[in-house]
Amino acid sequence: MSEPDTITDASGDSSTDHPAFRYTAALADELELRWQDRWDADGTFETPNPAGPLADPDLVADRGEKLFVQDMFPYPSGSGLHVGHPLGYIGTDVYSRFKRMTGHNVLYTLGFDAFGLPAEQYAMQTGTHPAVTTNENIANMRRQLRRLGLSHDSRRSVSTTDPSYYRWTQWIFSQIFNSWYDPDAANETGSTGRARPIADLVAQFESGERATPDGRPWADLSASERESVLSDHRLAYVSDAPVNWCPGLGTVVANEEVTADGRSDRGNFPVFKRNMRQWMMRITAYADRLIDDLDRLDWSDAIKTMQRNWIGRSHGARVDFASAAGDITVFTTRPDTLFGASFMVLAPEHPYVDSLTTAEQADAVATYRREAESKKDVDRQDENREKTGVFTGSYATNPVDGEQIPVWIADYVLMGYGTGAIMAVPCGDHRDFEFATTFHLPIPAIQQPPADWFTEHGIEPSLDTSTWPTAFVGDAPYVNSANDSLDLNGITNKADGIDAINAWLEAQGSGQATINYKLRDWLFSRQRYWGEPFPVVWDEAGNPHTVPDDMLPVELPDTDQFSPRTFDPDDADSNPESPLDRLDDWITVELDLGDGRGVQQYRRDSNVMPQWAGSCWYQLRYIDPTNENRFCEVENEAYWMGPRTDVRPDHPGGIDLYVGGVEHAVLHLLYARFWHKVLFDLGHVASVEPYARLFNQGYIMADAFTDARGIYVDAFQVEGDDESGYTFEGQPVTREYGKMGKSLKNAVSPDEMYEAYGADTLRLHEMSMGPLDASRPWETRDVVGMYRFLQRLWRNLVDEETGESTVVDEPADDDTRKLLHRTIDVVRTEMDALRFNTAIAKIIELNNALTKLPATPREVAEPLVLMLAPLVPHVAEELWVKVGRSESTDGTVTYAPFPEADPALLVDDTIELPIQINGKVRSRVTVSADAGTGDVEAAALADAKVVEALNGGAPKKLIVVPGRMVNVVV
RNA sequence: GGGCGAGUGGCGGAAUUGGCAGACGCGCUGGCUUCAGGUGCCAGUGAGGGAAACCUCGUGGGGGUUCAAGUCCCCCCUCGCCCACCA
């Protein structure tokens with residue numbers, strides 16, 4: 001293993017044995033800090049807006065086409081950065097700098113996602129207020145990132161914890177709360193369904209255009225009754241939701257924080273599934289638009305697939321089975337297999353279970369339900385488990401044939417999906433087949449599997465399912481599928497079968513085609529301290545009201561009581577008390593909400609928002625970070641994020657490039673899209689989507705090692721290799737390969753790299769390691785390669801003894817000039833496509849060629865420096881001054897035009913073609929670049945190797961690919 | 001179990017999408033500089049054979065299409081990520 005802590009300065013620790021002006025880490029350090037101060041002082045990276053507080057319309061016009069580039073913003077952790085963190089940031093910085101040089105007005109900054117658990121945990125342990133640690137961490141992280149030379153507009157760097165920021169997070173919440181989803185209103189895609197102000201709904205009730213649920217006139221409803229009706233429509237609403245309640249911690253925890261044995265990740269306390277009143281967001285209303293608009297986004301198919309699967313839209317039917325308890329409704333994607341339904345299964349939690357359970361089965365059912373309740377979801381979802389279940393004693397009627405089929409309960413049916421009840425078709429579903437086999441239930445055959453299905457399973461073709469080893473899942477002709485008014489027999493594919501039965505079910509009134517989603521509404525409240533308070537107060541009747549906009553923000557109250565109240569770990573009946581609940585002075589307020597009720601006493605909502613809230617809209621605040629009148633000026637949003645029909649006709653708008661890790665593929669990206677669509681529907685933004693183009697950067701990987709106890713050991717002290725095994729202090733350790741991380745004890749700090757090589761070398765190395773979207777292993781010893789390259793570059797332009805430029809004004813020779821222009825051509829293409837690794841390789845080739853010349857001609861030196869400016873901005877600035885060109889661009893290379901290739905120099909007069917004999921390269925021939933097929937054939941046939949191979953005969957075949965190669969088949 | 005993606009020198013990775021495999025960098029070998037180590041510089045470096053020109057083999061394994069395959073098709077193996085009793 002490499003040992004970065006032994007690295008001091010790669011040039012050696014003595015300053016006397018190398019020339020005074022060699023490009024060393026010390027020189028890099030000096031010039032990097034100097035240029036960073038200069039950029040700050042000059043406001044070099046400040047980006048003008050068309051309107052609002054940061055407006056400079058003339059400069060906007062001057063800078064050129066707009067480009068909005070954004071990284072997923074970090075949580076300001078206290079443990080500092082390692083070299084893996086800035087990979088994506090360096091990529092976006094290089095791209096932003098390149099785009100500035102090619103005539104773009106680039107919006108590029110970085111904020112902080114600073115609400116959340118770690119600061120709160122730390123506060124509970126130390127008593128330090130989370131605001132204090134958060135601000136310290138942000139300051140530290142800003143310093144570390146600044147040292148990398150990132151070209152952020154620092155005026156636009158926001159923190160989600162700043163009241164001037166979360167004021168607008170609360171404002172957006174109010175907008176969402178005060179709106180409803182009208183499924184019949186036309187939206188911008190030409191289909192229907194969009195958010196509208198809740199006042200529109202109230203108007204519909206008032207006018208009688210829309211009937212109230214119980215038919216009474218709106219005017220006759222009490223305030224609470226009205227709120228109850230509206231709550232069923234609001235996009236943000238309070239509802240009983242199943243949550244993980246952990247009395248030992250005094251809080252609700254996320255599914256991810258619950259261990260496999262149903263205990264809390266932290267503290268190892270029991271966790272109980274409980275229904276509790278929580279804030280929810282009606283994201284399910286947007287399920288279709290969230291799926292459909294994926295087609296308009298320039299995102300990878302992998303991420304789109306993940307989002308589609310998460311939303312989980314499936315087409316099917318709801319079918320009613322009559323029972324003693326009433327109609328049991330099931331959801332099925334295969335209504336065409338209804339004739340094969342030989343029993344039903346309800347989730348143990350299904351509300352009909354009590355009334356369906358007969359006296360004889362009561363004990364068995366009660367026992368089973370108790371067991372199911374104590375089981376964690378994780379257990380229930382282990383599909384390798386044997387099927388368990390119990391008969392309720394009751395029967396239901398299959399609507400297609402009137403048959404009485406038994407109703408069972410089993411934990412493989414989940415209350416949270418579909419209707420919590422299924423019809424079991426054992427011949428066509430593996431789970432149902434397994435269940436029927438375990439409990440000896442009938443398995444009627446309703447499809448004729450093809451012959452090779454039987455062959456595959458090694459059995460004789462037969463419709464006797466007792467010979468089948470498993471269910472048949474597929475498309476095949478129906479059998480035994482007919483009643484007096486419906487006949488599926490003879491239909492050979494499931495699409496037709498489904499159409500036929502859906503029509504019949506609807507005609508009979510016993511079912512209807514429907515669409516089901518896996519997506520659930522979004523649980524939006526947390527009983528913690530360090531988050532955005534809800535801008536909501538509750539009146540004495542228990543109805544919620546949003547605080548008027550001019551009273552925002554509702555500031556998080558200052559307190560030293562950050563901890564939630566904890567209970568006996570086994571006290572399942574306890575209820576959460578959030579830290580804010582205890583602040584009586586804050587909780588109880590007298591306010592005039594401006595709704596005509598005058599000053600009233602209210603209780604503030606004591607929940608806080610989840611960490612996702614602040615990240616749902618931060619790109620909008622980057623646009624107008626200091627605007628006090630709006631979350632951002634309409635004109636600015638339209639400029640930076642408006643739809644680009646020049647890119648594609650159905651372009652949804654949004655930022656031009658969003659870079660971040662794939663771990664946010666679902667939750668963050670889905671939540672942000674949802675909020676953005678609500679803002680669009682309500683007319684607050686011109687873009688339909690927040691992120692037009694998404695790019696997932698890879699990770700820096702490293703080996704980590706654990707000892708016998710499973711504890712991580714310092715990876716840099718581990719000895720050995722894969723063959724001989726690894727040891728730490730003589731003891732064997734286990735290697736695991738994954739993302740670099742401080743807690744894995746394999747993190748390399750960027751500070752070590754600055755000290756040994758400088759920031760430019762680190763930037764260049766990270767960009768040269770491979771494609772930006774690929775994960776790559778970190779090897780500290782590899783970094784020296786780019787350091788040596790920068791030294792050669794420096795030496796090609798600067799005298800190491802005097803520090804003076806050695807660039808000459810004589811013109812370059814033809815070969816060098818051609819190489820330069822070919823390099824420019826490739827580098828432009830590659831940088832534009834975020835392929836920095838190949839761009840760097842080309843630039844190194846050019847520089848290597850310069851090394852062989854007696855002196856570097858100015859006509860090559862200048863474009864070379866400009867091409868490198870996005871990658872290694874500090875040394876590029878320094879060299880730009882040294883070669884004497886800084887005066888032309890106001891002292892900085894940042895807005896200098898990127899070199900352009902002369903097309904005339906990209907073509908050669910003559911080209912060398914490989915000559916293949918039977919597909920193998922055996923010779924080469926030089927022909928003029930515009931040589932026709934005939935000329936090339938003649939040249940090839942005259943080649944000595946070809947003459948020898950042909951031995952006087954004629955070639956069997958002669959293939960000429962003009963400009964590429966010749967293949968002679970003998 | 002399902003979905004997505006990837007396997008190229010000792011290592012990280014190139015290869016204009018079917019047309020000269022291994023660009024560029026690390027490492028390694030030899031040389032120069034140095035009292036020496038390090039730094040820096042120059043040259044070589046896929047494997048095997050040969051004094052050399054050159055020859056043979058070679059992109060996880062097996063088969064196929066083609067004048068031509070890392071690239072396209074079929075089967076298999078390995079690894080990574082996401083989802084996972086979703087009816």
Side-chain angles (χ1 to χ4, degrees), chain A residues 9-14 17-19 22 24 300-306 308-310 312 314 316 330-334 337 345 378 380-385 387 410-414 416-425 428-432 434-435 516-518 662-663 665-666 696 701 737-738 764-765 768-771 773-789 791-792 795 800 826 829 835 837-845 848 851 912-922 924 955-961 963-970:
Chain A
D9 179 335
S11 64
D13 51 6
S14 164
D17 63 354
H18 59 70
R22 171 163 290 172
T24 59
S300 73
D301 288 337
I303 300 283
K304 288 186 185 183
T305 305
M306 282 188 220
R308 283 195 193 97
N309 290 345
W310 191 263
S314 53
V330 303
F331 173 75
T332 174
T333 54
R334 293 296 303 274
T337 61
V345 186
V378 233
R380 283 181 58 168
Q381 286 168 11
D382 177 2
E383 64 184 289
N384 295 321
R385 258 179 67 232
K387 290 281 178 290
D411 62 9
Y412 79 96
V413 175
L414 309 173
Y417 181 75
T419 62
I422 62 159
M423 64 179 208
V425 182
D429 181 284
H430 292 300
R431 296 153 303 183
D432 298 346
E434 206 187 310
F435 193 83
N516 193 54
Y517 303 91
K518 276 194 242 176
V662 69
E663 75 266 24
V666 179
N696 293 111
M701 316 286 279
Y737 178 68
L764 197 58
H765 175 68
S768 71
M769 288 165 82
D773 55 0
S775 293
R776 65 293 298 273
W778 178 266
E779 282 291 350
T780 294
R781 72 177 184 192
D782 289 353
V783 182
V784 73
M786 292 302 117
Y787 180 67
R788 287 181 196 147
F789 159 66
Q791 285 186 331
R792 283 201 300 280
R795 201 156 36 230
E800 288 192 324
V826 173
T829 313
R835 288 191 294 260
N837 54 327
T838 48
I840 291 167
K842 284 291 169 187
I843 295 173
I844 293 176
E845 280 185 74
N848 287 350
T851 306
E912 196 186 54
L913 292 183
I915 296 179
Q916 295 181 348
I917 296 172
N918 291 336
K920 295 200 164 134
V921 179
R922 283 293 122 94
R924 35 193 83 240
K956 277 200 194 122
K957 210 163 185 178
L958 189 59
I959 290 132
V960 175
V961 183
R964 297 291 268 218
M965 45 69 68
V966 185
N967 191 9
V968 185
V969 185
V970 284

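Fair warning: this is a prediction, and the values are worked out from it, not measured in the lab. In what follows, chains carry the letters A, B, and so on, assigned in the order in which the sequence lines appear, proteins first and then strands, with residues in each chain numbered from 1.
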K.L.:
Using the test side chain to side chain contact (heavy atoms under 4.5 Å, CB included), find all partners of A/Arg792 that sit at least two apart in sequence or belong to another chain.
P.N.:
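If we apply the side chain to side chain contact (heavy atoms under 4.5 Å, CB included) test to A/Arg792, skipping adjacent residues, the hits are A/Arg788, A/Phe789, A/Arg795, A/Ile844, A/Asn847, A/Asn848, A/Thr851.
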K.L.:
Just jot down the side chain to side chain contact (heavy atoms under 4.5 Å, CB included) partners of A/Asn837, sequence neighbours excluded, or say none.
P.N.:
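A/Asn837 satisfies side chain to side chain contact (heavy atoms under 4.5 Å, CB included) with A/Pro771, A/Arg835 once adjacent residues are dropped.
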K.L.:
Between the protein and nucleotides 41-45 of chain B, list the N/O to N/O atom pairs that are separated by less than 3.5 angstrom.
P.N.:
unit_1 : atom_1 : unit_2   : atom_2 : d
B/C41  : OP1    : A/Arg795 : NH2    : 2.8

K.L.:
Return the set of residues passing side-chain hydrogen bond (donor to acceptor under 3.5 Å, both in side chains) with A/Asn967 (not counting sequence neighbours), or none when no residue passes.
P.N.:
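With neighbours one apart ignored, the set is empty.
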K.L.:
As a test of your reading of the structure, name each stem of RNA chain B as range with range, where a stem is three or more consecutive Watson-Crick or G-U pairs at under 3.5 Å.
P.N.:
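Stems found: B:1-7 with B:77-83, B:10-12 with B:24-26, B:27-32 with B:40-45, B:46-49 with B:54-57, B:60-64 with B:72-76.
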K.L.:
If you restrict it to nitrogen or oxygen atoms, what contacts under 3.5 Å exist between nucleotides 21-23 of chain B and the protein, and what is each distance?
P.N.:
unit_1 : atom_1 : unit_2   : atom_2 : d
B/A23  : O2'    : A/Glu845 : OE2    : 3.0

K.L.:
Do any N or O atoms of the protein come closer than 3.5 Å to N or O atoms of nucleotides 3-12 of chain B, and which pairs are they?
P.N.:
unit_1 : atom_1 : unit_2   : atom_2 : d
B/G12  : O2'    : A/Met769 : O      : 3.0

K.L.:
Once side-chain hydrogen bond (donor to acceptor under 3.5 Å, both in side chains) is applied, do any residues pair with A/Thr333, and if so which ones, sequence neighbours excluded?
P.N.:
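If we apply the side-chain hydrogen bond (donor to acceptor under 3.5 Å, both in side chains) test to A/Thr333, skipping adjacent residues, there are no hits.
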K.L.:
What pairs with A/Tyr517 under side-chain hydrogen bond (donor to acceptor under 3.5 Å, both in side chains), at least two apart in sequence or on another chain?
P.N.:
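Expected list: A/Asp288.
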K.L.:
Classify the nucleic acid contact of A/Lys956 as base, sugar-phosphate or nothing, counting any heavy atom under 4.0 Å across all strands shown.
P.N.:
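No contact at all - A/Lys956 keeps every heavy atom at 4.0 Å or more from the nucleic acid.
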K.L.:
Taking side-chain hydrogen bond (donor to acceptor under 3.5 Å, both in side chains) as the definition, give me every residue that meets it alongside A/Asn696, ordered by chain and number, with sequence neighbours left out.
P.N.:
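Result, side-chain hydrogen bond (donor to acceptor under 3.5 Å, both in side chains) vs A/Asn696: none returned.
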K.L.:
Under the side chain to side chain contact (heavy atoms under 4.5 Å, CB included) rule, collect the residues that match up with A/Thr337, sequence neighbours excluded.
P.N.:
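Side chain to side chain contact (heavy atoms under 4.5 Å, CB included) check on A/Thr337 returns A/Arg334, A/Met423, A/Val425, A/Ile446.
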K.L.:
Just to verify, what does A/Ala421 make a side chain to side chain contact (heavy atoms under 4.5 Å, CB included) with, not counting sequence neighbours?
P.N.:
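Expected list: A/Ile328, A/Val330, A/Leu346, A/His350, A/Thr419.
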